[in-house]
Amino acid sequence: MNRHDTRLRALTFDLDDTLWDNQGVMSRTEALHCAWLDEQLADWLAAHGETPRRFAEAMPITHYQTHRRRLAEQHPLRRGDFTWIRERTLVELLEAFGLSRASAWLWASLTMARFHALRLEVAPYPEAEPLLEALAQDYRLGAITNGNLAFHRLALSRHFEVVIAAGEMPAPKPDARPFLATLSRLGATPAQALHVGDSWQEDILPAIRLGMRAAWIAPHAPADTPMPKGAYRLEHVRELPDLLEWMERE
């Protein structure tokens, strides 16, 4: 491969808030997996002759969230591995609630299974499916996410040759390693790739620093926001084909 070839060969995508709106899904997932644990654990305790008590009363969701943040601070190398942080937080809170270590791990595992099932209830933008199908005809596609969505279980994942959960490496964006690993597997240099994402800090800046081009999905940013060379602002991922067509003419 000619290292000086700058023709676009690969496109890498962030997932959450790039190919779908993630805020509502996460709020629902957060509330419902906690409610599931509270209800199921109460039934289990009653069936085993324990004094009826509610986990949500002893460990409200705000306590769960605070404990997660504290655990992430204590384990900085795991800060992006959200499944690891959530599961161990649940274990510690369940032990504090009075469960044995074995029971705490069992219920933490069951609760995380429920979390992942709810986390999959995303609704990709209507344009995402035909967009990716068309782009895959001309480019090699990769996904780089800091999220803990089981993306391989979504139909949309079939369009991607490479999917990297950066937090589980563990090297969450803006670390350069997940970008470089993805490009290596796609057989492209940074100059031959464009990254698409919604986060200026976690997507656009690290891509530009590596020498990639970048499309910033930023519907609320002013249209005249200054952009560094090689970075382009889009209001929605549906505008990507027009950007690529324009870049091909440049």
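Note that the structure is a prediction, hence the values are computed from the model and not measured. Both backbone and side-chain heavy atoms feed into the values below; hydrogens, waters and symmetry mates do not. Numbers here simply count residues along the sequence, with the first being 1.
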Next on the checklist: Does any part of the side chain of Trp107, heavy atoms only, come nearer than 4.5 Å to the side chain of Leu99, both counted from C-beta?
Outcome noted: yes
Checklist entry - Looking at side-chain heavy atoms only, is the closest gap between Met169 and Asp175 below 4.5 Å? => result no
Checklist entry - Could you walk me through whether Tyr139 and Leu244 pass the side-chain contact (heavy atoms from CB on, under 4.5 Å) check? => result CA-CA 11 Å; Tyr139 305 96; Leu244 293 172; 4.0 Å; yes
Next on the checklist: Applying side-chain contact (heavy atoms from CB on, under 4.5 Å) to Leu135 and Leu240, what does each step give before you reach the verdict?
Outcome noted: CA-CA 10 Å; Leu135 291 175; Leu240 182 59; 3.8 Å; yes
Checklist outcome for this item: Rounded to the nearest 0.5 Å, the CE atom of Met212 sits from the CD atom of Gln192 at a distance of 11.0 Å
Checklist entry - So if you build clusters from Ile, Leu, Val, Met, Phe, Trp, Tyr with side-chain heavy-atom gaps below 4.5 Å, do Met227 and Leu194 land together? => result no
Item to check | Smallest separation among heavy atoms of Leu120 and Leu154, with atom names | outcome: O-CD2, 3.7 Å
Checklist entry - Do Leu186 and Met247 share a hydrophobic cluster, counting only Ile, Leu, Val, Met, Phe, Trp and Tyr and linking them when any side-chain heavy atoms are less than 4.5 Å apart? => result no
Checklist entry - Are the side chain of Arg53 and the backbone N or O of Ala42 linked by a donor-acceptor pair below 3.5 Å? => result no
Next on the checklist: Between His236 (side chain only) and Arg238 (backbone N and O only), is there a donor and an acceptor less than 3.5 Å apart?
Outcome noted: yes
Checklist outcome for this item: Rounding to 0.5 Å, atoms CG (Leu141) and CD (Glu133) come to a distance of 11.5 Å
Checklist entry - Taking the side chain from Asp16 and the backbone from Asn22, do they hold a donor-acceptor pair closer than 3.5 Å? => result no
Next on the checklist: So which atom in Ala165 and which in Gly147 form the shortest heavy-atom distance, rounded to 0.1 Å?
Outcome noted: CB-O, 4.4 Å
Checklist entry - What do the steps show when you test Glu30 against Gln65 for side-chain contact (heavy atoms from CB on, under 4.5 Å), and what is the final call? => result CA-CA 10 Å; Glu30 181 85 329; Gln65 294 165 339; 3.0 Å; yes
Item to check | From OG1 (Thr89) to CG (Leu71), nearest 0.5 Å | outcome: 4.5 Å
Next on the checklist: If you apply the rule salt bridge (charged side-chain N to carboxylate O under 4.0 Å, His left out), what do you find for Glu73 with Arg69, and how did you get there?
Outcome noted: CA-CA 6 Å; Glu73 292 172 358; Arg69 289 192 291 269; over 6 Å; no
Checklist entry - For Trp20 and Ala123, which heavy atoms make the closest approach, and how far apart are they? => result CB-O, 3.5 Å
Next on the checklist: Within the 4.5 Å heavy-atom criterion, are Phe82 and Glu168 side-chain neighbours or not?
Outcome noted: no
Checklist entry - Between Glu161 and Arg185, is any pair of side-chain heavy atoms under 4.5 Å apart? => result no
Next on the checklist: Is any side-chain heavy atom of His75 closer than 4.5 Å to one of Arg88?
Outcome noted: no
Checklist entry - Would you find a donor on one side and an acceptor on the other, under 3.5 Å apart, between the side chain of His63 and the backbone of Met59? => result no
Item to check | Gap between atom CG of Leu15 and atom CG of Asp198 - 0.5 Å precision | outcome: 10.0 Å
Next on the checklist: Using a 3.5 Å distance criterion without hydrogens, assess whether the side chain of Trp216 forms a donor-acceptor pair with backbone atoms of Gly197.
Outcome noted: no
Checklist entry - If every non-hydrogen atom of Arg119 is compared with every non-hydrogen atom of Leu149, which pair is closest and at what distance? => result O-CD1, 3.1 Å
Next on the checklist: Quick one about Thr12 and His195 (side-chain donor to acceptor, distance below 3.5 Å, no hydrogens or angles considered), yes or no?
Outcome noted: yes
Next on the checklist: Would the distance check show the side chain of Ser27 and the main-chain N or O of Gln23 forming a donor-acceptor pair, the cut-off being under 3.5 Å?
Outcome noted: yes
Next on the checklist: Please identify which of these residues, Leu234, Ile217, Asp14, meets the side-chain contact (heavy atoms from CB on, under 4.5 Å) condition with Val196.
Outcome noted: Ile217
Next on the checklist: With a 4.0 Å cut-off on N to O distance, would you call Arg70 and Glu92 a salt bridge?
Outcome noted: no
Next on the checklist: Using the rule side chain to side chain donor-acceptor pair (under 3.5 Å), only one of Thr145, Asp203, Asn146 pairs with Lys173; which is it?
Outcome noted: Asp203
Checklist outcome for this item: Tightest non-hydrogen contact, residues Val25 and Asp21, listed as CG2-O, 4.0 Å
Checklist entry - If we only count heavy atoms from C-beta on, is the Glu129 to Leu156 side-chain gap below 4.5 Å? => result yes
Checklist entry - Between CG of Asn148 and OG1 of Thr83, what distance do you get to the nearest 0.5 Å? => result 3.5 Å
Checklist entry - What do the steps show when you test His33 against Tyr64 for ring-ring contact (aromatic ring centres under 6.0 Å, His included), and what is the final call? => result CA-CA 12 Å; His33 88 290; Tyr64 175 35; 5.6 Å; yes
Next on the checklist: Please find the pair of heavy atoms, one from Phe160 and one from Ala143, that lie closest to each other, and give the distance.
Outcome noted: CD2-N, 3.8 Å
Checklist entry - Should Arg9 and Arg140 count as side-chain neighbours, where that means a heavy-atom distance under 4.5 Å? => result no
Checklist entry - Any side-chain heavy atom of Leu132 within less than 4.5 Å of one from Leu19? => result yes
Checklist entry - Quick one: do Trp84 and Phe115 end up in the same hydrophobic cluster if we chain Ile, Leu, Val, Met, Phe, Trp and Tyr together by side-chain heavy atoms under 4.5 Å apart? => result no
Checklist entry - Tracing side-chain links under 4.5 Å among I, L, V, M, F, W and Y, which residues wind up in one group with Leu32? => result Leu118
Next on the checklist: Nearest 0.5 angstrom please: Arg233 CZ to Asp224 CG, how far?
Outcome noted: 9.0 Å
Next on the checklist: Do Leu110 and Leu94 sit in one hydrophobic cluster, given that two such residues count as connected whenever their side-chain heavy atoms are within less than 4.5 Å of each other, even indirectly?
Outcome noted: yes
Checklist entry - Hey, any chance Leu106 and Leu93 share a hydrophobic cluster, counting ILVMFWY side chains that come within less than 4.5 Å of each other, even indirectly? => result yes
Next on the checklist: Could you go through Phe97 and Leu41, starting from their C-alpha distance and side-chain angles, then the distance that decides it, and tell me whether this counts as side-chain contact (heavy atoms from CB on, under 4.5 Å)?
Outcome noted: CA-CA 11 Å; Phe97 185 63; Leu41 183 57; 3.9 Å; yes
Checklist entry - Near Gln74 CD, under 6.0 Å, is it more than 12 heavy atoms from other residues, nucleotides or ligands? => result yes
